[in-house]
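Order of appearance sets the numbers: ligands from 1, and atoms from 1 within every ligand. Being a predicted model, the structure only gives us computed values, none of them experimental.
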Amino acid sequence: MNQEKSHSLFHKAINIIPGGVNSPVRACKSVGREPLFIECAKGCFIFDADGNRYIDYVGSWGPMILGHAHPAVIDAIKTVSELGTSFGAPTALEVEMAERLTEAIPSLEMVRMVNSGTEATMSAIRLARGVTGRDTIIKFDGCYHGHADTLLVEAGSGVATLDIPGSPGVPKSFVRHTLSLPYNDIDAVKQVMSGRGKEIACIIVEPVAGNMGCVLPINGFLETLREETQKHGSLLIFDEVMTGFRVAYGGAQAVYGITPDITCLAKIIGGGLPVGAYGGKRDIMEHIAPQGPVYQAGTLSGNPLAMAAGIAMLKELEKPGFYDDLEKKSRKLSDGLKQAAQDAGIKATFNRVGSMMTMFFTDQPVNSFNDAKTSDLKRFRAYYAGMLENGIYLAPSQFEAGFVSSAHGDKEIEETIAAAADVFKKIKG
Ligand code: KE4
């Protein structure tokens, strides 16, 4: 497969952009290859600078649940951009977005738009600290909530992929107030909360983890977080940046029936444009400036292009049967991959919620970051390379989730399963 143009672009980029990329996980370091430079994408297909076509399961790390360049999203951006791109003043589109989000997710009585998932979680943490007057927060190993200093502790995603222990540049004093516990460890949560509950401003969690690979909450885990925070006057923050409108129209909180105090969103709600949001009960959100004293701001927050793209996206997702159809496609893919791995005698564990999933190259259940780390990364690398060779574009890390979109048809899913069967045969040695 000719990748000359990507290669030469990379060698230009690497001199003027750190690592040649604008976000670390894109560098493909953990799969030992240079990144492909993408020219364009349409539906479930992505095309690199050399014109090679791939079936895409990265979906820009989550936003592309409709597939790429969906006509409704593109038309919305075109129409709105001709009216101006940013005013730094409120617009009707922001009201419509807030109405849609608060209707879709009942725990959101008020919502504030920001420009990334990092901003959403960083603001949510500040809000929780402001409301409770407490400093200490709890997160979970392998969960990634963006790169705000206070959250870069035992983080997943790029930090896990690149094995960066926390990160230089984050003062110890900043993370002194951040406790990181094993995901799904109910006893650890109860123990810490019984001893230090009164100090805890909030617990922040990915209700379905996606940044250590896809890891589901075990029975009672989310319920325990809800009970323990209620008991000790702490707030529960669901980081639904990835799961929001992905695993269900109402997010993971609709799937698991748990009501958090604050929810963070991003990715899908911006239709592929820079976006984030955080929201919750009125009496909590009213602490946010200018209504309350907790400061948070953003020049481009709620900008018309991201609002228009996000609204166009949500209009498609709310159509009857959208998630049922996506579930059928996702199940077909994961069942097919499971069968192909079994037929080839490849040890693999599949975790999936709706259209987000991960195949771990381990034969044990994966319920935590330590479990995920038992995966055979060498085998993952070989699988990744083989699938790319076969025209399948996967997340370049064992510690990421893959995504199916409504644009993936039976043909492409069958092609993917066949490609995996071919690769499994080659790598099973
Ligand atoms: P952003 O700041 O990248 O928009 O969002 C941070 C974030 C927060 N919370 C969750 C649950 C997330 O998954 C993310 C970002 N996800 C990663 C991929 N796993 C983004 C990819 C990247 O860093 O380039």
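Between Glu318 and Arg100, at least one side-chain nitrogen of the basic residue sits less than 4.0 Å from a carboxylate oxygen of the acidic one, meeting the salt-bridge criterion.
In summary, of the residues considered (Thr259, Thr243, Thr263), a side-chain hydrogen bond (donor to acceptor under 3.5 Å, both in side chains) with Gln253 occurs for Thr263 alone.
Every atom of ligand 1 is numbered from 1 in the order shown, and the set under 4.0 Å from a heavy atom of Ser116 is 2 (O), 4 (O). Set against the non-hydrogen atoms of Glu206, the atoms of ligand 1 under 4.0 Å away are 11 (C). Residue Met242 has at least one heavy-atom neighbour below 4.0 Å for each of these atoms of ligand 1: 13 (O), 19 (N). Of all atoms in ligand 1, numbered sequentially from 1 with element shown, those under 4.0 Å from a heavy atom of Val241 are 7 (C), 8 (C), 9 (N), 10 (C), 12 (C), 14 (C).
Considering backbone and side-chain N/O atoms, Arg26 never comes within less than 3.5 Å of an N/O atom of ligand 1.
The cationic group of Arg53 lies under 6.0 Å from the six-membered ring centre of Phe45 and within 45° of the ring axis, placing it in a cation-pi geometry. Cation-pi geometry between Lys373 and Phe369 is met: under 6.0 angstrom from the ring centre, within 45 degrees of the axis.
Asn184 places a side-chain N or O within 3.5 Å of a backbone atom of Asn367 that can act as its donor or acceptor partner.
Contacts with ligand 1 closer than 4.0 Å are made by no heavy atom of His147, backbone or side chain. Residue contacts with ligand 1, taken as heavy atom pairs separated by less than 4.0 Å, do not involve Glu119 at all.
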